[in-house]
Amino acid sequence: MATIGSYESNEQPSAKDDGPGAPLMINMSPDEMENLTGESKEGDQMVRFDDHGNAIKEPGQASMFSSIMNLSNTILGAGILGLPHAFASSGYVLGSAFLVFFACTSTFGLHLLADVSVRRHAVTRDASFYNVAQAAFSKGALVIDVAVAIKCFGVSTAYLIVIGDLLPPAMKAMGLSGLALDRRLVITILQFAIIAPLCTLRRLDGLRFTSTMSILFVTFTSIVLLTFSADKDLDVSDRGSTEHVVFNYGTLTNLPVFIFGYTCQQNIFSISNDLKHLTMPRMNAIIGTSSSISRPFALAVSFLHF
C-alpha cells in the first residue's frame with residue numbers, strides 16, 4: 001500500500017479503489033488532523049475526499065433526543081405568544097382549523113427539506129438553503145439566502161423585544177429596582193452576556209440543554225395558564241370575544257401570525273447535518289415527535305391565554 005509521509009493506510013487496495021475518482025484515504029495523527037481540518041481528534045482518523053477533491057465531513061454526533069429538543073424549541077418560539085390574539089380574531093372553530101392546517105403544512109415542509117438533505121447531502125453534511133436553491137435554480141440561490149437571513153433577523157429581534165417587555169416587570173416583582181428595570185440595559189446585557197456566546201457554538205447540538213430548559217419553561221407556563229383558567233373565582237368581565245367563527249379583515253391580517261407561530265424550517269438543515277446516522281426514517285421521527293410535542297402547547301396557549 002502506498003504511503004504518504006510516514007503514515008501508511010490500513011486498508012488494502014482493491015479494484016474498485018483504483019482510478020482517479022477513488023476517495024483518498026489517509027491515516028493521520030491527531031496533530032496533523034488538526035492542522036488539516038481545524039479539529040482535534042482522538043486516535044487515528046481517516047480523511048476522505050470526494051471526486052472533486054473536497055474533504056468529506058465527519059458524520060454528525062447529535063442524538064435523536066438532542067435533535068428533537070432543538071427542533072421543538074425552535075417551533076415553540078416567540079411566535080407562540082401572538083397566537084392568542086390571532087385565535088381571538090378568528091374564533092374558536094376557525095382558529096383551531098388554522099392551527100391544524102398550518103401545523104400540517106409546516107410539518108410537510110420540514111419533511112421535504114429533510115428529504116433533500118438526506119438524498120443529496122448525507123455524505124458531505126453541507127445542506128443549506130443556499131445549496132438547495134443553487135441546485136434548483138442557481139440564479140436565485142442568493143435571493144433565497146438573503147430572504148432566510150432577513151427572516152432570522154426578524155425572529156431574533158422579536159425575541160429581544162419579548163425579553164425587554166417581560167423581564168423588567170418580573171425583576172420588579174422580585175423586589176429589584178433601579179437599573180435592573182431599565183429595558184434597554186437589560187436587553188443589552190443579556191444580548192452580550194448570554195445570547196452572543198451561545199451564537200458562537202459551532203453546532204446546533206450544543207444548544208440541547210438550553211432547548212430542554214426552554215421546553216420545561218413552556219410546560220410550566222402552560223400549567224400556570226391551565227390553573228388560572230380553571231379558577232372558579234376568576235373575573236371574566238373583561239373577557240374578549242368567544243365567537244366560534246370570525247372572518248373579516250382582521251382575520252386575514254392575522255394569518256401571518258399563525259404561520260410565524262410554527263416557523264422552524266431555518267434550523268432543519270443544521271439538525272440534519274449534525275444528526276448521527278442520518279436517515280430519512282430518523283428525520284421523520286424527529287419531525288413527527290417535535291410536532292407532537294409542540295402542537296398541543298400551541299393549542300393550549302391559544303385557548304387558555306385568550
Side-chain angles (χ1 to χ4, degrees), residues 38-40 57-81 106-107 109-111 113-114 117-118 121-122 125-131 145 148-164 166-167 186-222 260-278 282-298 301:
E39 296 184 2
S40 178
K57 294 184 179 180
E58 64 178 31
Q61 298 298 320
S63 65
M64 291 282 289
F65 176 80
S66 170
S67 301
I68 291 171
M69 290 296 102
N70 284 325
L71 186 58
S72 299
N73 183 47
T74 307
I75 298 174
L76 294 172
I80 198 173
L81 300 178
S106 176
T107 302
L110 289 173
H111 167 78
L113 294 173
S117 178
V118 172
H121 304 278
R125 298 300 181 99
D126 61 348
S128 66
F129 278 99
Y130 180 82
N131 289 338
D145 228 21
V148 173
I150 294 175
K151 183 262 182 189
C152 291
F153 177 82
V155 172
S156 303
T157 303
Y159 277 115
L160 294 178
I161 293 175
V162 170
I163 290 173
L166 299 183
L167 198 54
V186 169
I187 292 176
T188 302
I189 292 177
L190 288 180
Q191 184 176 2
F192 287 99
I194 298 178
I195 299 176
L198 291 177
C199 291
T200 61
L201 295 175
R202 296 183 62 184
R203 298 179 182 272
L204 193 65
D205 180 51
L207 295 175
R208 58 189 181 277
F209 298 114
T210 55
S211 295
T212 302
M213 290 180 59
S214 298
I215 293 175
L216 292 176
F217 290 148
V218 173
T219 303
F220 173 76
T221 303
S222 300
F260 180 68
Y262 291 123
T263 182
C264 57
Q265 286 74 17
Q266 71 274 11
N267 282 343
I268 190 63
F269 288 136
S270 296
I271 290 173
S272 65
N273 291 339
D274 290 347
L275 180 63
K276 187 177 182 179
H277 305 312
L278 177 62
R282 288 170 65 85
M283 286 301 301
N284 282 334
I286 291 171
I287 294 171
T289 304
S290 301
S291 299
S292 300
I293 292 174
S294 307
R295 307 322 181 196
F297 283 115
V301 171

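All values derive from a computational prediction rather than experimental measurement. Every heavy atom of this structure was used, including side-chain atoms; hydrogens, water molecules and symmetry mates were not.
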Q. Among side-chain atoms of Asn284 and His111, is any donor-acceptor pair under 3.5 angstrom?
A. yes
**Q.** Donor-acceptor pair between Arg203 and Ser270 side chains, under 3.5 angstrom
**A.** no
Hey, does the side chain of [X] reach the backbone of [Y] with a donor-acceptor pair shorter than 3.5 angstrom?
X	Y	value
Asp205	Ala62	no
Asn70	Ile271	no
Ser214	Thr210	yes
Ser290	Ile287	no
Arg282	His277	yes
Ser66	Ser63	no
Asn131	Ala127	no

Q.
Pair Thr107, Arg295 - check side-chain hydrogen bond (donor to acceptor under 3.5 Å, both in side chains), show working.
A. CA-CA 11 Å; Thr107 302; Arg295 307 322 181 196; 3.1 Å; yes
Measuring from [X]:[atom1] to [Y]:[atom2], what's the distance to the nearest 0.5 Å?
X	Y	atom1	atom2	result
Ser272	Ile286	OG	CD1	9.0 Å
Phe217	Thr212	CZ	OG1	11.0 Å
Ile68	Arg208	CD1	CZ	14.0 Å
Arg125	Asp274	CZ	CG	8.5 Å
Ile75	Ser291	CD1	OG	5.0 Å
His121	Phe269	NE2	CZ	7.0 Å

Q.
For a quick test of reading the model, state the closest non-hydrogen atom pair linking Ser67 to Leu275 and the distance between them.
A. OG-CD1, 3.6 Å
Q) What's the shortest heavy-atom distance between Leu278 and Ala122, and which atoms? A) CD2-CA, 3.9 Å
Evaluate the side-chain proximity of [Y] to [X]: yes if any heavy-atom separation is below 4.5 Å, no if none is.
X	Y	answer
Gln266	Thr74	yes
Met69	Leu207	no
Gln265	Ser106	yes
Thr263	Phe260	yes

Q: Go through the structure and list residues passing ring-ring contact (aromatic ring centres under 6.0 Å, His included) with Phe297, not counting sequence neighbours.
A: none
Q) Can Val301 and Ser222 be said to form a side chain to side chain contact (heavy atoms under 4.5 Å, CB included), step by step? A) CA-CA 6 Å; Val301 171; Ser222 300; 4.2 Å; yes
Could you list the donor-acceptor pairs under 3.5 angstrom formed between side-chain atoms of residues 187-201 and any protein atom two or more places apart in sequence or on another chain?
from   : atom 1 : to     : atom 2 : distance (Å)
Thr188 : OG1    : Arg184 : O      : 2.8
Thr200 : OG1    : Pro197 : O      : 2.5

